[in-house]
Amino acid sequence: MATILPSEKQRFIDELIELLKIPTISADSKYNEDIKKGAKWVKDALASAGCTETEIFPTKGHPIVYGERIVDSNLPTILVYGHYDVQPPDPIELWDNPPFEPIIKKTELHKEGAIFARGACDDKGQMYMHIKALEIMVKNDELTCNVKFMIEGEEEVGSDNLELFIKQNKEKLRNDVILISDTGMISNSQPSITTGLRGLSYMEVTVTGPNRDLHSGLYGGAVANPINILTKMIAQLHDENNCITIPGFYEGVENISKEEREEMTKAPFSIDNYKKEIQINAVYGEIGFSTLERSSIRPSLDVNGIWGGYTGEGAKTVIASKAHAKISMRLVPGQDWEIISELFKNHIKTLVPDGISIQVIKHHGGQAYVTPTDNIGYKAAHRAYAETFGVEPIPQKGGGSIPIVPLFEDVLGTKSVLMGFGLDSDAIHSPNEHFGLFNFFKGIETIPLFYKNYAKLFSQK
């Protein structure tokens, strides 16, 4: 197990805090210079940790950072993927501290403290674990595999330019396994390995009525109100059983066997703690499935944002000319995100009444992914977690999406292993996102064991 000296721990924390201070928000063009600054920071960190080759590759969007350290051409090669871009921090007023001014504080769950900042867990903290693990392995002369890093700046907006980069650099990126830490685990006492990701289709809808905002007294009740109409349309996307009503939506959806569903119940999960954590008094979802099943093996459709009309202080009595909504659909094996996007587009247009026009934009998406548990990558991860945590990790399907992962296998021909160290309570994509110091250092300790076990299993093939 990698030993981290106390002086190194403080330095690692200080370095991560510096990275977290950079507002690398990929969705907002006004942060483009910060994105470039973040890319250079990661490049320098890779070089400092021991990469013998580092480079920043510009794209039509945000740059990709590459680094490598080749020990021996006969050894297996691990490709580490991560991202340095982050989600917008809104709503700012709900943060206890400014999102790009990191602080460390102890919580009931994180007795050793946690770093609170946008990107702390998703994905700067988890990505940086790999860079520090490399530093330790190089320092101790314990690097048992070749290693390559591909750290992108567009994951949070769909990785639009990564596909072309991969296809143009297949030889440079050639590897035996892809290692990713952009997922979570069950708890700090019960590790788990994510064995599946849901796919994603992200859409935007705009409905338009009159050619301008109208006085709601003069026109109210006489013209179709785009906001009223849009909310009615959205309400029709689910039926009384909370099933999605888009025709053809469930075609191809994999029906999980009774045995596998029973196996899922063995993972430690408290519905009471789940409700307490997010302060709700009841769960909600598709009839006939448990909370864990709804958030992992079943598809979903959610409105991520809706706006229109006057939302400022006080009152302004208008009927808005336009109303907008952003809608995401999480998909499962058997669903193709391109087909689902078209089904959504065609269906929602049928819900538009006379007097209203509609525009539907397909933003981005990706396919669902399943990691087999019988390959040496999974086995190496299993052994690594077991050694550092002292308990066997549990395989667990995740509800999130990393759209680029299925593409890795299609283009590069290798499997991905999802070694996450975050917790569901880390509030990723939300105000007060954080990452436990325990989790950060546990990741740095566990990753070198993955290399060690992977090299051993590889040699036995």
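All heavy atoms count here, side chains included; hydrogens, waters and symmetry mates do not. Along the sequence shown, residues are numbered consecutively beginning with 1.
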Treating Q396 as the side-chain partner and A267 as the backbone partner, does any N or O pair qualify as donor plus acceptor under 3.5 Å? no
Rounded distance (nearest 0.5 Å) linking atom CD1 of I115 with atom CD1 of I13: 6.0 Å
In terms of heavy-atom contacts, Y84 and A39 come closest through OH-CB, 3.5 Å
Between E55 and K43, is the closest basic N to carboxylate O distance under 4.0 Å? no
Is it the case that more than 12 heavy atoms not belonging to E93 sit under 6.0 Å from its CD atom? yes
Donor-acceptor pair, distance only, cut-off 3.5 Å: does the side chain of K148 make one with the backbone of R174? yes
Counting only heavy atoms from other residues, nucleotides and ligands, does the tally under 6.0 Å from NZ of K362 exceed 12? yes
Side chain to side chain contact (heavy atoms under 4.5 Å, CB included) filter on S290, not counting sequence neighbours, yields L292, E293
Consider only side-chain N and O atoms of E392 and H382, and report whether a donor and an acceptor are under 3.5 Å apart. yes
Is it the case that more than 12 heavy atoms not belonging to K40 sit under 6.0 Å from its NZ atom? no
In short, F100 meets P89 closest at the heavy-atom pair CE1-CG, 3.9 Å
For N169, look at atom CG and say whether over 12 heavy atoms of other residues, nucleotides or ligands are found less than 6.0 Å away. yes
If only atom types and distance count, is the side chain of T195 paired as donor or acceptor with the main-chain N or O of T373 below 3.5 Å? no
Please report the shortest heavy-atom distance between A320 and G308, naming the atom on each side. CB-C, 4.3 Å
Flag, side chain of N241 to backbone of I287, donor-acceptor distance under 3.5 Å: no
State, to 0.1 Å, how close E156 and D85 come at their nearest heavy-atom pair, and which atoms those are. N-OD2, 2.9 Å
Relative to the ring of F440, is the ring of Y128 parallel (under 30°), tilted (30 to 60°) or perpendicular (over 60°)? parallel
Are the side chain of S401 and the backbone of P403 linked by a donor-acceptor contact shorter than 3.5 Å? no
Salt bridge flag under 4.0 Å for residues D96 and K105: yes
Please verify the inter-ring angle class for H110 with H434; under 30° counts as parallel, over 60° as perpendicular, anything in between as tilted. perpendicular
Are the side chain of E433 and the backbone N or O of C121 linked by a donor-acceptor pair below 3.5 Å? yes
Return the CE to CZ distance between M185 and F389, rounded to the nearest 0.5 Å. 3.5 Å
Check: T350 side chain, H347 main-chain N or O, donor-acceptor pair, under 3.5 Å: yes
Taking atom types as modelled and ignoring hydrogens, do the side chains of Q367 and D336 form a donor-acceptor contact shorter than 3.5 angstrom? yes
Would you compute the distance between atom CG of N304 and atom OH of Y202 and round it to the nearest 0.5 angstrom? 4.5 Å
Distance-only, no hydrogens or angles: does the H62 side chain make a donor-acceptor pair with backbone N or O of S26 under 3.5 Å? yes
Anything under 30° is parallel, anything over 60° is perpendicular, the rest tilted; go ahead and classify W307 against H324. parallel
Exam field: side chain Q126 to backbone T183, donor-acceptor pair closer than 3.5 Å: yes
Are the side chain of D34 and the backbone of I22 linked by a donor-acceptor contact shorter than 3.5 Å? no
State yes or no: are the ring centers of F421 and Y385 separated by less than 6.0 Å? yes
When you compare the side chains of R294 and S300, does any donor N or O come within less than 3.5 Å of an acceptor on the partner? no
Determine whether D182 and H83 satisfy the following criterion, side-chain hydrogen bond (donor to acceptor under 3.5 Å, both in side chains), listing intermediate values before the conclusion. CA-CA 9 Å; D182 196 10; H83 63 93; 3.2 Å; yes
Heavy atoms only: give me the nearest V417-A381 pair and the separation to one decimal. CG1-CB, 3.8 Å
Electrostatic pair D272:K276 at N-O distance under 4.0 angstrom: no
Are H429 and D122 close enough that a side-chain donor and a side-chain acceptor fall under 3.5 Å? yes
Got a sec: does the CD of E338 have more than 12 other heavy atoms crowding it under 6.0 Å? yes
Please report the shortest heavy-atom distance between A325 and I234, naming the atom on each side. CB-CD1, 4.0 Å
E163: partners by salt bridge (charged side-chain N to carboxylate O under 4.0 Å, His left out), with sequence neighbours left out: K167
